[in-house]
*Asks:* 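Dropping the structure in here first, questions after.
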Amino acid sequence: MRKRISIFIAVIVVLLAAVIGVNAYNRRSSQSSSTASSSSTSSKKSNTAAVKGKNGKVLVVYFSRTKGVYGGSLKVGNTARVAQFIQQYTKGDSYEIVPKKDYPSGYEATTRVAQREQDENARPAIKNALPNVKKYQTVFIGAPIWWGEYPMIVRTFIDNENLNGKTVIPFTTAEGSGLGNTAETLRKAYPKATVRRGFTAEGNTVRDNPSAVQKRVNNWLKKLGY
(Lines give C-alpha, C1' and ligand atoms only; values in the text may rest on other atoms or scores of the structure.)
Protein backbone atom coordinates (compact mmCIF):
# COMPACT_ATOMS: atom_id res chain seq x y z
CA MET A 1 0.00 0.00 0.00
CA ARG A 2 2.75 2.44 0.95
CA LYS A 3 4.57 1.58 -2.25
CA ARG A 4 1.48 2.45 -4.33
CA ILE A 5 1.12 5.77 -2.48
CA SER A 6 4.80 6.61 -3.15
CA ILE A 7 4.40 5.82 -6.86
CA PHE A 8 1.22 7.94 -7.04
CA ILE A 9 2.97 10.91 -5.38
CA ALA A 10 5.94 10.58 -7.74
CA VAL A 11 3.64 10.64 -10.78
CA ILE A 12 1.89 13.78 -9.44
CA VAL A 13 5.27 15.51 -8.95
CA VAL A 14 6.37 14.66 -12.49
CA LEU A 15 3.10 15.97 -13.95
CA LEU A 16 3.36 19.22 -11.96
CA ALA A 17 6.94 19.72 -13.12
CA ALA A 18 5.92 19.18 -16.74
CA VAL A 19 3.09 21.73 -16.48
CA ILE A 20 5.37 24.32 -14.86
CA GLY A 21 8.00 23.75 -17.55
CA VAL A 22 5.49 24.22 -20.41
CA ASN A 23 4.16 27.45 -18.88
CA ALA A 24 7.66 28.85 -18.46
CA TYR A 25 8.52 28.00 -22.06
CA ASN A 26 5.38 29.72 -23.34
CA ARG A 27 6.16 32.89 -21.34
CA ARG A 28 9.72 33.01 -22.72
CA SER A 29 8.46 32.51 -26.30
CA SER A 30 5.86 35.27 -25.91
CA GLN A 31 8.45 37.70 -24.49
CA SER A 32 10.90 36.86 -27.28
CA SER A 33 8.24 37.39 -29.95
CA SER A 34 7.18 40.70 -28.38
CA THR A 35 10.78 41.93 -28.26
CA ALA A 36 11.38 40.96 -31.89
CA SER A 37 8.17 42.69 -32.98
CA SER A 38 9.12 45.85 -31.07
CA SER A 39 12.59 45.80 -32.58
CA SER A 40 11.15 45.39 -36.08
CA THR A 41 8.72 48.28 -35.58
CA SER A 42 11.50 50.50 -34.25
CA SER A 43 13.68 49.62 -37.24
CA LYS A 44 10.89 50.48 -39.67
CA LYS A 45 10.33 53.85 -37.99
CA SER A 46 14.04 54.58 -38.13
CA ASN A 47 14.19 53.70 -41.84
CA THR A 48 11.16 55.88 -42.58
CA ALA A 49 12.75 58.85 -40.83
CA ALA A 50 15.96 58.33 -42.77
CA VAL A 51 14.12 58.32 -46.09
CA LYS A 52 12.16 61.48 -45.28
CA GLY A 53 15.28 63.35 -44.22
CA LYS A 54 17.63 62.21 -46.98
CA ASN A 55 17.38 65.49 -48.91
CA GLY A 56 17.91 67.74 -45.89
CA LYS A 57 16.01 70.92 -45.15
CA VAL A 58 14.36 72.67 -48.11
CA LEU A 59 14.03 76.36 -49.01
CA VAL A 60 11.77 77.50 -51.83
CA VAL A 61 12.87 80.88 -53.22
CA TYR A 62 10.65 82.64 -55.73
CA PHE A 63 9.92 85.90 -57.53
CA SER A 64 6.35 86.34 -58.72
CA ARG A 65 3.95 89.06 -59.83
CA THR A 66 0.21 89.66 -59.84
CA LYS A 67 0.34 92.71 -62.16
CA GLY A 68 2.06 93.21 -65.49
CA VAL A 69 1.44 89.53 -66.22
CA TYR A 70 0.65 88.11 -69.66
CA GLY A 71 -3.08 87.39 -69.75
CA GLY A 72 -4.07 89.95 -67.12
CA SER A 73 -3.75 90.61 -63.40
CA LEU A 74 -3.94 87.77 -60.87
CA LYS A 75 -4.91 87.31 -57.24
CA VAL A 76 -2.00 84.92 -56.75
CA GLY A 77 1.05 85.05 -59.01
CA ASN A 78 1.63 82.01 -61.22
CA THR A 79 5.15 81.37 -59.94
CA ALA A 80 3.98 81.96 -56.35
CA ARG A 81 1.36 79.26 -56.82
CA VAL A 82 3.93 76.75 -58.08
CA ALA A 83 6.19 77.70 -55.16
CA GLN A 84 3.31 76.92 -52.79
CA PHE A 85 2.89 73.48 -54.36
CA ILE A 86 6.61 72.75 -53.88
CA GLN A 87 6.58 74.03 -50.31
CA GLN A 88 3.51 71.96 -49.43
CA TYR A 89 4.96 68.75 -50.86
CA THR A 90 8.46 69.12 -49.39
CA LYS A 91 7.35 70.68 -46.07
CA GLY A 92 10.10 73.25 -46.64
CA ASP A 93 10.38 76.96 -45.93
CA SER A 94 9.72 79.69 -48.49
CA TYR A 95 11.23 83.08 -49.28
CA GLU A 96 9.74 85.61 -51.70
CA ILE A 97 12.05 87.99 -53.55
CA VAL A 98 10.40 91.41 -53.25
CA PRO A 99 11.84 94.26 -55.37
CA LYS A 100 12.70 97.51 -53.64
CA LYS A 101 11.33 99.35 -56.67
CA ASP A 102 8.29 97.65 -58.12
CA TYR A 103 7.94 96.89 -61.81
CA PRO A 104 5.26 98.55 -63.96
CA SER A 105 1.68 97.32 -63.63
CA GLY A 106 1.29 96.91 -67.41
CA TYR A 107 2.58 93.88 -69.30
CA GLU A 108 4.21 95.71 -72.22
CA ALA A 109 5.89 98.23 -69.92
CA THR A 110 7.21 95.37 -67.77
CA THR A 111 8.73 93.65 -70.80
CA ARG A 112 10.55 96.86 -71.76
CA VAL A 113 12.00 97.29 -68.27
CA ALA A 114 13.01 93.63 -68.20
CA GLN A 115 14.79 93.99 -71.55
CA ARG A 116 16.64 97.11 -70.41
CA GLU A 117 17.78 95.46 -67.17
CA GLN A 118 19.07 92.49 -69.13
CA ASP A 119 20.92 94.71 -71.63
CA GLU A 120 22.55 96.57 -68.75
CA ASN A 121 23.24 93.39 -66.76
CA ALA A 122 21.49 95.17 -63.90
CA ARG A 123 21.07 93.90 -60.36
CA PRO A 124 17.85 95.50 -59.02
CA ALA A 125 17.72 95.88 -55.25
CA ILE A 126 15.76 93.44 -53.11
CA LYS A 127 13.52 95.02 -50.49
CA ASN A 128 13.36 92.28 -47.87
CA ALA A 129 16.29 90.80 -45.94
CA LEU A 130 17.94 87.79 -47.55
CA PRO A 131 17.42 84.40 -45.85
CA ASN A 132 20.08 82.47 -43.97
CA VAL A 133 20.74 79.66 -46.45
CA LYS A 134 23.33 77.84 -44.32
CA LYS A 135 20.72 75.61 -42.66
CA TYR A 136 19.28 74.38 -45.99
CA GLN A 137 20.54 71.52 -48.12
CA THR A 138 18.15 72.00 -51.07
CA VAL A 139 17.17 75.36 -52.55
CA PHE A 140 14.53 75.68 -55.25
CA ILE A 141 14.73 78.97 -57.20
CA GLY A 142 11.69 79.99 -59.23
CA ALA A 143 10.51 82.90 -61.35
CA PRO A 144 8.73 83.78 -64.59
CA ILE A 145 11.00 83.61 -67.62
CA TRP A 146 11.82 87.08 -68.95
CA TRP A 147 13.56 87.16 -72.33
CA GLY A 148 14.82 83.60 -71.98
CA GLU A 149 16.20 83.76 -68.46
CA TYR A 150 15.61 84.60 -64.83
CA PRO A 151 14.54 88.22 -64.19
CA MET A 152 17.61 90.23 -63.21
CA ILE A 153 16.32 90.69 -59.68
CA VAL A 154 16.68 86.92 -59.23
CA ARG A 155 20.27 87.32 -60.35
CA THR A 156 20.64 89.79 -57.47
CA PHE A 157 19.64 87.00 -55.10
CA ILE A 158 21.96 84.50 -56.81
CA ASP A 159 24.94 86.85 -56.62
CA ASN A 160 24.43 87.45 -52.90
CA GLU A 161 23.91 83.89 -51.74
CA ASN A 162 26.51 81.11 -51.71
CA LEU A 163 24.77 77.86 -52.58
CA ASN A 164 27.89 75.85 -53.44
CA GLY A 165 27.77 72.39 -51.91
CA LYS A 166 23.96 72.37 -51.94
CA THR A 167 21.34 70.96 -54.27
CA VAL A 168 19.85 73.76 -56.40
CA ILE A 169 16.74 73.27 -58.54
CA PRO A 170 15.12 75.77 -60.94
CA PHE A 171 11.41 76.12 -61.58
CA THR A 172 9.66 78.58 -63.88
CA THR A 173 6.43 79.79 -65.40
CA ALA A 174 6.49 80.94 -69.00
CA GLU A 175 4.54 81.25 -72.23
CA GLY A 176 6.63 78.98 -74.41
CA SER A 177 10.16 79.61 -73.10
CA GLY A 178 10.23 76.64 -70.73
CA LEU A 179 13.13 76.76 -68.28
CA GLY A 180 15.10 79.16 -70.49
CA ASN A 181 18.76 79.16 -69.50
CA THR A 182 18.06 78.95 -65.75
CA ALA A 183 19.96 75.69 -65.24
CA GLU A 184 23.02 77.09 -67.02
CA THR A 185 22.83 80.26 -64.92
CA LEU A 186 22.78 78.22 -61.72
CA ARG A 187 25.66 75.97 -62.79
CA LYS A 188 27.77 78.98 -63.68
CA ALA A 189 26.97 80.78 -60.43
CA TYR A 190 27.48 77.69 -58.25
CA PRO A 191 30.06 75.36 -59.85
CA LYS A 192 30.24 73.23 -56.70
CA ALA A 193 26.46 72.83 -56.35
CA THR A 194 24.35 69.98 -57.70
CA VAL A 195 21.86 71.44 -60.18
CA ARG A 196 18.97 69.02 -60.74
CA ARG A 197 16.22 68.80 -63.34
CA GLY A 198 13.81 71.73 -63.08
CA PHE A 199 10.10 72.21 -63.56
CA THR A 200 8.21 74.56 -65.86
CA ALA A 201 4.56 75.27 -66.58
CA GLU A 202 2.73 77.73 -68.79
CA GLY A 203 1.41 80.67 -66.79
CA ASN A 204 -2.06 80.40 -68.30
CA THR A 205 -2.26 76.72 -67.32
CA VAL A 206 -1.28 77.54 -63.75
CA ARG A 207 -3.98 80.19 -63.66
CA ASP A 208 -6.75 78.15 -65.31
CA ASN A 209 -6.01 74.63 -64.05
CA PRO A 210 -3.91 74.79 -60.88
CA SER A 211 -4.91 71.31 -59.67
CA ALA A 212 -3.46 69.72 -62.82
CA VAL A 213 -0.23 71.67 -62.36
CA GLN A 214 -0.05 70.61 -58.72
CA LYS A 215 -0.24 66.96 -59.77
CA ARG A 216 2.62 67.54 -62.21
CA VAL A 217 4.67 69.25 -59.51
CA ASN A 218 4.08 66.36 -57.10
CA ASN A 219 5.10 63.78 -59.72
CA TRP A 220 8.24 65.77 -60.55
CA LEU A 221 9.23 66.03 -56.89
CA LYS A 222 8.52 62.35 -56.32
CA LYS A 223 10.85 61.42 -59.19
CA LEU A 224 13.52 63.65 -57.67
CA GLY A 225 13.18 61.71 -54.41
CA TYR A 226 11.34 64.24 -52.27
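Model, not experiment: these values are computed from the prediction.
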*Asks:* With sequence neighbours left out, what residues match T200 under side-chain hydrogen bond (donor to acceptor under 3.5 Å, both in side chains)?
*Replies:* T172
*Asks:* Quick test of your reading: applying ring-ring contact (aromatic ring centres under 6.0 Å, His included), list the pairs with at least one residue in residues 162-202, sequence neighbours left out, ordered by first then second residue.
*Replies:* F199-W220
*Asks:* According to salt bridge (charged side-chain N to carboxylate O under 4.0 Å, His left out), does anything in residues 153-162 pair up with another residue at least two apart or in another chain? List the pairs.
*Replies:* R123-D159, E149-R155
*Asks:* Going by the side-chain hydrogen bond (donor to acceptor under 3.5 Å, both in side chains) test, name the single residue among Y103, W147, W146 that passes it with E117.
*Replies:*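 Between E117 and the candidates, side-chain hydrogen bond (donor to acceptor under 3.5 Å, both in side chains) is satisfied uniquely by Y103.
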*Asks:* To the nearest 0.5 angstrom, please state how far the OG1 atom of T173 sits from the CZ atom of R81.
*Replies:*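 One gets 11.5 Å once the value is rounded to the nearest 0.5 Å.
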*Asks:* Mind listing the closest non-hydrogen atom pair of A174 and S177 along with its distance?
*Replies:*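 Minimum heavy-atom separation between A174 and S177: CB-N, 3.9 Å.
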*Asks:* Please list, chain by chain and in numerical order, all residues satisfying side-chain hydrogen bond (donor to acceptor under 3.5 Å, both in side chains) with E184, sequence neighbours excluded.
*Replies:* none
*Asks:* Would you say the side-chain atoms of R207 pair up with the backbone N or O of G71, donor to acceptor, closer than 3.5 Å?
*Replies:* yes
*Asks:* Do P144 and Y150 have side chains that get closer than 4.5 Å, going by heavy atoms?
*Replies:*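 A side-chain contact under 4.5 Å is absent here.
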*Asks:* If you measure from OH on Y95 to CZ on F63, what distance do you get to the nearest 0.5 Å?
*Replies:*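 The OH atom of Y95 sits 11.5 Å away from the CZ atom of F63.
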*Asks:* Which residues pass the side chain to side chain contact (heavy atoms under 4.5 Å, CB included) test with D93, sequence neighbours left out?
*Replies:* K57, L59, Y136
*Asks:* Does a side-chain heavy-atom distance below 4.5 Å link L163 with K166?
*Replies:*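 They are in contact (side-chain heavy atoms under 4.5 Å apart), so the answer is yes.
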*Asks:* For the residue pair I153 and P99, establish whether any side-chain heavy-atom pair is separated by less than 4.5 Å.
*Replies:* yes
*Asks:* State yes or no: do F85 and I141 share one hydrophobic cluster built from I, L, V, M, F, W and Y residues joined by side-chain heavy-atom distances below 4.5 Å, directly or via other members?
*Replies:* no
*Asks:* Are any non-hydrogen side-chain atoms of L221 and V217 less than 4.5 angstrom apart?
*Replies:*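 Contact flag for L221/V217 side chains = yes.
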*Asks:* Nearest heavy-atom pair of P124 and T156: which atoms, and what distance?
*Replies:*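 Heavy atoms of P124 and T156 come nearest at O-OG1, 2.8 Å.
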*Asks:* Nearest heavy-atom pair of V168 and P170: which atoms, and what distance?
*Replies:*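 Scanning both residues completely, I find the closest heavy atoms to be O-CD, 4.2 Å.
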*Asks:* Does any donor atom in the side chain of Q214 or Q84 lie under 3.5 Å from an acceptor atom in the other side chain?
*Replies:* no
*Asks:* Mind checking what makes side chain to side chain contact (heavy atoms under 4.5 Å, CB included) contact with N219, not counting sequence neighbours?
*Replies:*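 In terms of side chain to side chain contact (heavy atoms under 4.5 Å, CB included), with neighbours along the sequence ignored, N219 is linked to no residue.
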*Asks:* Take atom OH of Y70 as the centre, draw a 6.0 Å sphere, and report whether it contains more than 12 heavy atoms from other residues, nucleotides or ligands.
*Replies:*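 No, the 6.0 Å shell around OH holds no more than 12 heavy atoms from other groups.
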*Asks:* Is L130 reachable from I97 through a run of I, L, V, M, F, W or Y residues, each pair having side-chain heavy atoms under 4.5 Å apart?
*Replies:*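 Per the 4.5 Å side-chain linkage, I97 and L130 are co-clustered.
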*Asks:* Quick one: side chains of residues 104-116, donor-acceptor pairs under 3.5 Å with protein atoms, not counting sequence neighbours, listed by atom name and distance.
*Replies:*
unit_1	atom_1	unit_2	atom_2	d
T110	OG1	R65	NH1	3.2
T110	OG1	P104	O	3.0
T110	OG1	G106	O	2.7
T111	OG1	E108	O	2.6
Q115	NE2	D119	OD1	3.1

*Asks:* Can you name the side chain to side chain contact (heavy atoms under 4.5 Å, CB included) partners of A183, sequence neighbours left out?
*Replies:* R187, V195
*Asks:* How would you list, by chain and number, every residue that makes a side chain to side chain contact (heavy atoms under 4.5 Å, CB included) with E96, sequence neighbours excluded?
*Replies:* Y62, V98
*Asks:* So I169 and V139, do their side chains get closer than 4.5 Å, heavy atoms only?
*Replies:*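 No, too far: nothing below the 4.5 Å cut-off.
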*Asks:* State which residues pass side-chain hydrogen bond (donor to acceptor under 3.5 Å, both in side chains) with N162; sequence neighbours excluded, sorted by chain then number.
*Replies:*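 Once residues adjacent in sequence are excluded, the partners of N162 under the side-chain hydrogen bond (donor to acceptor under 3.5 Å, both in side chains) criterion are N164.
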*Asks:* Are any non-hydrogen side-chain atoms of M152 and N121 less than 4.5 angstrom apart?
*Replies:*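 Counting from C-beta outward, M152 and N121 do come under 4.5 Å.
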*Asks:* Tell me the salt bridge (charged side-chain N to carboxylate O under 4.0 Å, His left out) pairs involving residues 126-142, sequence neighbours left out?
*Replies:*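 Pairs touching residues 126-142 that pass the test: none.
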*Asks:* Rounded to the nearest 0.5 Å, what separates atom CG in N218 from atom CD1 in I86?
*Replies:* 10.0 Å
*Asks:* Can you tell if the side chain of V213 reaches within under 4.5 Å of the side chain of T205, non-hydrogen atoms only?
*Replies:*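 The answer is yes, as the side chains (C-beta and beyond) meet within the 4.5 Å cut-off.
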*Asks:* Pick from V61, V58, V82: which one makes a side chain to side chain contact (heavy atoms under 4.5 Å, CB included) with F140?
*Replies:*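 One option only clears the test, and that one is V58.
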*Asks:* Testing the basics here: between R197 and L224, what is the closest heavy-atom pair and its distance to 0.1 Å?
*Replies:*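 Looks like O-CD1, 4.0 Å.
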*Asks:* Test question: given the 4.5 Å side-chain rule for I, L, V, M, F, W and Y, name all other residues clustered with L74, or answer none.
*Replies:*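 Grouped by the 4.5 Å side-chain rule, V69 form the rest of the cluster around L74.
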*Asks:* Is there side-chain contact between N204 and E175, with heavy atoms separated by less than 4.5 Å?
*Replies:* yes
*Asks:* Does T167 use its side chain to pair, donor to acceptor, with the backbone of T194 at less than 3.5 Å?
*Replies:*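 A pair under 3.5 Å: no.
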*Asks:* Check whether any side-chain N or O of T79 sits under 3.5 Å from a backbone N or O of S64 as a donor-acceptor pair, and report yes or no.
*Replies:*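 No, T79 side chain to S64 backbone: no donor-acceptor pair under 3.5 Å.
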